[in-house]
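To keep things clear, I will list the structure first and then write my remarks on it.
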Protein chains: 2
Amino acid sequence: MSSKRKPSMGRQKIEIKRIEKRNARQVAFSKCRVGLFKKASEHCTLCGAETAVIVFSPAEKSYSFCHPSVDTIVDRYLLGGNYILLKMSVASTLM
Amino acid sequence: MSSKRKPSMGRQKIEIKRIEKRNARQVAFSKCRVGLFKKASEHCTLCGAETAVIVFSPAEKSYSFCHPSVDTIVDRYLLGGNYILLKMSVASTLM
DNA sequence: ACCGCTATCCTTAGACA
DNA sequence: ATGTCTAAGGATAGCGG
């Protein structure tokens with residue numbers, strides 16, 4: 001191993017606009033998602049907030065962080081808008 | 001006005017546990033929510049992510065940040081779990 | 001893709017308005 | 001409750017492995 005290490009440039013300033021390079025955007029998505037979920041988690045713990053975070057990646061994959069549970073939050077949110085939620089637990093087997 | 005200002009202590013380290021004082025918790029909730037929504041927003045812009053953040057305050061008030069729209073995200077999320085969403089736009093007037 | 005590193009930028013605790 | 005200020009804490013861009 002070399003004892004020399006190129007000194008880091010540290011965190012660089014970036015402009016808040018779409019990252020055009022596909023690969024870099026994907027990497028940024030993963031890192032950023034972790035940070036977002038962590039912050040949401042701390043928000044819950046510190047303040048007793050109930051939080052749902054749902055994210056779709058550019059590649060259409062879905063990720064979520066929820067406390068206490070997705071269904072609780074989404075359900076409650078939807079109720080406020082006069083929505084009803086039906087789960088097709090049986091019907092889906094027929095599709 | 002006084003030209004003297006007590007020097008700030010800067011940001012202090014805190015333990016990630018429930019803030020017990022009710023008033024302080026409420027204030028932290030508001031500040032933290034702003035930060036969370038901002039981060040979610042940047043996530044969307046930078047990475048082309050589609051994101052829904054729904055938060056209930058300890059006082060049961062609901063807040064949300066969504067891009068492109070709550071319904072789009074929640075709808076899509078729910079579809080993945082074989083849910084159907086019904087809006088009671090007529091029925092609600094009877095309740 | 002993930003993980004570690006670290007200098008630098010960003011956020012934010014605390015205090016006050 | 002929101003908003004401003006300061007300085008310290010914490011997240012992270014860029015890079016290497």
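Chain naming here is simple, since letters A, B, ... match the order of the sequence lines and numbering starts at 1 in each.
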Across nucleotides 12-17 of chain D, 5' to 3', mark each nucleotide with B, S or - according to how protein heavy atoms within less than 4.0 Å reach it.
BBB---
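- Minimum interatomic distance between A:Ala28 and B:Cys47 (heavy atoms only, all atoms of both residues): C-SG, 3.8 Å.
- Shown here are the ring-ring contact (aromatic ring centres under 6.0 Å, His included) partners of A:Phe29, two or more places apart in sequence or in another chain: A:Tyr63, B:His43.
- For residues 71-82 of chain A, the pairs satisfying salt bridge (Lys or Arg N to Asp or Glu O under 4.0 Å) are A:Glu50-A:Arg76, A:Arg76-B:Glu60, with sequence neighbours left out.
- Under 4.0 angstrom from either OP1 or OP2 of D:dT2 there lies at least one side-chain N or O belonging to B:Arg33.
- In this structure, the side chains of A:Phe37 and A:Val55 come closer than 4.5 Å at one or more pairs of heavy atoms.
- Under the rule for a side chain to side chain contact (heavy atoms under 4.5 Å, CB included), the partners of B:Arg18 that lie at least two apart in sequence or sit in another chain are B:Glu20, B:Arg25.
- At a threshold of 4.5 Å between non-hydrogen side-chain atoms, the residues A:Ile73 and A:Pro68 count as touching.
- Heavy-atom minimum distance, B:Gln26 versus B:Ala59: NE2-CB, 4.0 Å.
- Here the C1' atom of nucleotide C:dC10 and the CD atom of A:Glu15 are 16 Å apart, to the nearest Å.
- Taking the side chain to side chain contact (heavy atoms under 4.5 Å, CB included) definition, one finds that B:Leu46 meets it with A:Ile14, A:Ile16, A:Ile19, sequence neighbours left out.
- For A:Ser69, the side chain to side chain donor-acceptor pair (under 3.5 Å) partners are A:Thr72, not counting sequence neighbours.
- Looking at residues 16-25 of chain B, you'll see that no heavy atom sits under 4.0 Å from any atom of DNA chain D.
- For the salt bridge (Lys or Arg N to Asp or Glu O under 4.0 Å) condition, no pair includes a residue of residues 28-48 of chain A, sequence neighbours left out.
- Annotation: the terminal axes of the helix from C:dC2-D:dG17 to C:dA17-D:dT2 meet at 50°, where each axis is the rotation carrying the C1' atoms of four end pairs onto the next four (5 pairs per end, rounded to 10°).
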